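None of these values were measured; they are calculated from a predicted model. When reading the values below, keep in mind they use all heavy atoms of this one structure, side chains included, and skip hydrogens, waters and symmetry mates. Each chain gets a letter, A, B and so on, in the order the sequences are listed, and its residues count up from 1.
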Amino acid sequence: MKRALPVLALSVAALIPVWRYAPSAETSSSSTEVAAPASTPSAAPSSGSSGSGSSDSGSSDAGTSNLVVAGSTLNTEKGPVQVEVTFTGDEISSVRMLQQPNHPQTEAAVPKLIEATLEAQSADIDAVSGATITSEGYVKSLQAAIDAKG
Amino acid sequence: MRRVEHIMGFPISVRMDEREGDAAEAADRAFDWLREVDERFSPFKPGSEVSRLDRGELELDEVSPELAEILDLCERYRVATGGAFDVRLPGRGLDPCAMVKGWAVQRAADLLTATGASRFCLNAGGDVVATGGPWRVGVRHPEQADKLCTVLDVTDGAVATSARYERGDHIIDGRTGRPATGLLSVTVVSPSLTEADATATAAFAMGPEGIVWAAAREDCEVFAVDAERKVFRTAGFPVAA
């Protein structure tokens with residue numbers, strides 16, 4: 001019960017054909033669109049390239065070994081959702097839905113996420129959203145500066 | 001008009017349009033409500049309703065309608081997250097703070113609206129409710145306290161962020177009983193702060209799969225930074241131009 005997510009390693013052959021959600025609407029600009037990211041294995045630290053043999057039954061796929069991970073089933077308002085992510089090294093090479101609500105209207109409930117890189121910005125703003133800041137930490141916060149500006 | 005008060009251990013800033021009639025009175029009502037919430041629902045106050053329920057001095061069917069509503073919301077999120085969001089962790093007392101904060105601050109915003117305020121920005125320790133915008137809301141960079149990682153345009157809506165930087169590993173994944181460490185930061189935008197705050201906390205507790213989970217919720221737009229510093233956002237997340 002320590003590892004909460006059922007981690008399922010399948011052979012690559014068992015994955016074909018890999019079905020990607022909504023492959024048609026590829027209108028991405030510079031950012032990459034991922035149908036559903038990051039149902040990373042619960043053993044997340046080992047999903048890196050140095051991962052200790054995390055490529056179970058990687059079979060015969062052109063040298064690079066793949067890791068296929070099924071996330072746990074999530075009961076969303078629209079029904080159960082479960083994703084399966086294939087990692088090639090560090091990269092997510094494909095994502096497919098093992099389970100998704102099958103009502104047509106709920107297809108949009110399987111989100112399309114835009115992937116970008118983390119950047120630091122400063123800007124003229126009215127409020128700062130962040131993890132609950134304590135009253136002690138407030139003094140040094142951006143929000144305090146905004147409030148003091150008057 | 002601007003005012004800052006410290007209630008429930010965090011700063012609450014309100015900014016309202018001066019021309020709105022009784023801005024000061026409206027703010028008074030909102031702050032009074034939040035002080036009342038602290039007295040009634042804080043697990044850190046021995047005389048609160050939450051503490052009395054936890055000690056068995058109150059039965060579940062004796063709690064106030066407000067606490068019943070809070071506990072009902074908690075249960076809904078617990079079920080929806082497969083147990084990741086849980087206000088009754090084994091070995092710990094009942095602690096509904098993660099639910100109470102967003103719910104109470106949304107109600108405070110509703111009080112401002114009911115008093116006639118039509119343009120205000122309320123920030124309760126990092127949870128923001130904005131009305132009558134445009135308001136520019138920055139999201140704190142998860143690793144640089146004085147920087148932002150994105151800026152949003154919000155006209156009417158709520159923004160909540162759950163992250164590890166401010167109070168360390170304090171969010172527990174109820175499925176494992178261990179601190180959630182799979183994400184650096186999750187921000188949720190939703191019409192209601194009740195939904196935005198609970199969804200952000202729940203997604204954070206779930207880890208990376210929480211991004212997909214939150215994005216699939218109705219009326220929720222998501223911006224998340226995972227432990228590898230990758231950023232994921234939904235297409236509808238209102239990034240400012």
Side-chain angles (χ1 to χ4, degrees), chain A residues 1-5 33-34 36-40 42 44-45 47-48 71-78 81 83 90 101 106 109-138 140-147 149-150, chain B residues 2 4 6 9-11 13 15 79-82 101 121 123 125-128 130 135-141 144-151 159-167 173 175-176 182 185 187 207-209 211-213 215-218 225-227 229-235:
Chain A
M1 216 22 222
K2 284 286 188 251
R3 294 275 179 248
L5 302 184
E33 296 201 349
V34 181
S39 187
T40 44
S42 60
S47 71
S72 51
T73 302
L74 306 173
N75 290 309
T76 72
E77 286 169 351
K78 307 288 188 176
V81 174
V83 296
D90 274 349
T106 65
V110 178
K112 183 186 288 183
L113 291 159
I114 298 165
E115 194 179 328
T117 46
L118 183 58
E119 286 174 29
Q121 305 183 14
S122 47
D124 193 23
I125 48 166
D126 299 305
V128 182
S129 174
T132 303
I133 192 168
T134 58
S135 290
E136 293 75 43
Y138 171 72
K140 296 177 287 183
S141 71
L142 272 180
Q143 183 65 45
I146 295 168
D147 292 335
K149 205 169 60 179
Chain B
R2 286 169 187 274
V4 185
H6 293 262
F10 49 80
S13 314
R15 182 171 153 190
V79 170
T81 60
K101 187 185 177 199
C121 185
N123 187 353
D127 283 352
V128 178
W135 296 101
R136 286 170 63 85
V137 179
V139 175
R140 209 207 94 157
H141 191 288
Q144 301 176 53
D146 59 340
K147 289 282 193 296
L148 308 169
C149 56
T150 190
V151 178
V159 186
T161 298
S162 194
R164 289 168 67 191
Y165 49 74
E166 196 64 48
R167 291 185 293 162
D173 180 346
R175 299 169 300 185
T176 61
S185 171
T187 300
E209 65 183 323
I211 302 172
V212 186
W213 173 82
R217 287 183 70 84
E218 209 161 339
V225 184
D226 73 11
R229 296 172 183 71
K230 264 195 259 179
V231 175
F232 297 94
R233 65 178 166 84
T234 50

J.: Looking at NZ of B/Lys230 and CG of A/Leu113, how far apart are the two atoms once the value is rounded to the nearest 0.5 Å?
T.: 12.0 Å
J.: Check whether B/Asn123 gets within reach of chain A through its side chain, its backbone, both or neither, counting any heavy atom under 4.5 Å.
T.: side chain
J.: Using 0.5 Å steps for rounding, measure from the CD atom of A/Glu115 to the CG atom of B/Asp226.
T.: 8.0 Å
J.: I need the residue from A/Ala144, A/Ser129, A/Gly130 with the largest number of non-hydrogen atom pairs under 4.5 Å to chain B.
T.: A/Ser129
J.: Counting only heavy atoms closer than 4.5 Å, note whether A/Thr117 contacts chain B via side chain, backbone, both or neither.
T.: backbone
J.: Once side chain to side chain contact (heavy atoms under 4.5 Å, CB included) is applied, do any residues pair with A/Thr132, and if so which ones, sequence neighbours excluded?
T.: B/Phe10, B/Lys101, B/Arg167
J.: Where on B/Val159 is there a heavy atom nearer than 4.5 Å to chain A: the side chain, the backbone, both, or neither?
T.: both
J.: For chain A, find which of B/Arg229, B/Arg140, B/His6, B/Gln144 contributes the most heavy-atom pairs closer than 4.5 angstrom.
T.: B/His6
J.: Of all residues at least two apart in sequence or in a different chain, which pass the salt bridge (charged side-chain N to carboxylate O under 4.0 Å, His left out) check with B/Arg15?
T.: A/Asp126
J.: Heavy-atom cut-off 4.5 Å, strictly under: side chain, backbone, both or neither for A/Gln121 against chain B?
T.: both
J.: Counting heavy-atom pairs closer than 4.5 Å to chain A, which one of B/Val139, B/Thr81, B/Val79, B/Asp127 comes out on top?
T.: B/Val139
J.: Work out which heavy atom in A/Ser141 is nearest to a heavy atom in A/Ile133; give both atom names and the distance.
T.: CB-CD1, 3.3 Å
J.: If I measure from the heavy atoms of chain A, does B/Val4 come under 4.5 Å with its side chain, its backbone, both, or neither?
T.: side chain
J.: Step by step, work out the side-chain contact (heavy atoms from CB on, under 4.5 Å) result for A/Asp147 and A/Tyr138.
T.: CA-CA 11 Å; A/Asp147 292 335; A/Tyr138 171 72; 2.4 Å; yes
J.: In terms of heavy-atom proximity below 4.5 Å to chain A, should B/Cys121 be classed as side chain, backbone, both, or neither?
T.: side chain
J.: If I take atom CZ from residue B/Arg136 and atom CD1 from residue A/Ile125, how far apart are they, to the nearest 0.5 angstrom?
T.: 8.5 Å
J.: Using heavy-atom distances under 4.5 Å, tell me whether B/Val137 contacts chain A through its side chain, its backbone, both, or neither.
T.: both
J.: Non-hydrogen atoms of chain A under 4.5 Å away: do they reach the side chain of B/Ala235, the backbone, both or neither?
T.: both
J.: With a 4.5 Å cut-off on heavy-atom pairs, point out which of B/Gly9, B/Ala227, B/Ala163 contacts chain A the most.
T.: B/Gly9
J.: Taking B/Tyr165 for its side chain and A/Ala131 for its backbone only, find out whether a donor-acceptor pair lies under 3.5 Å.
T.: yes
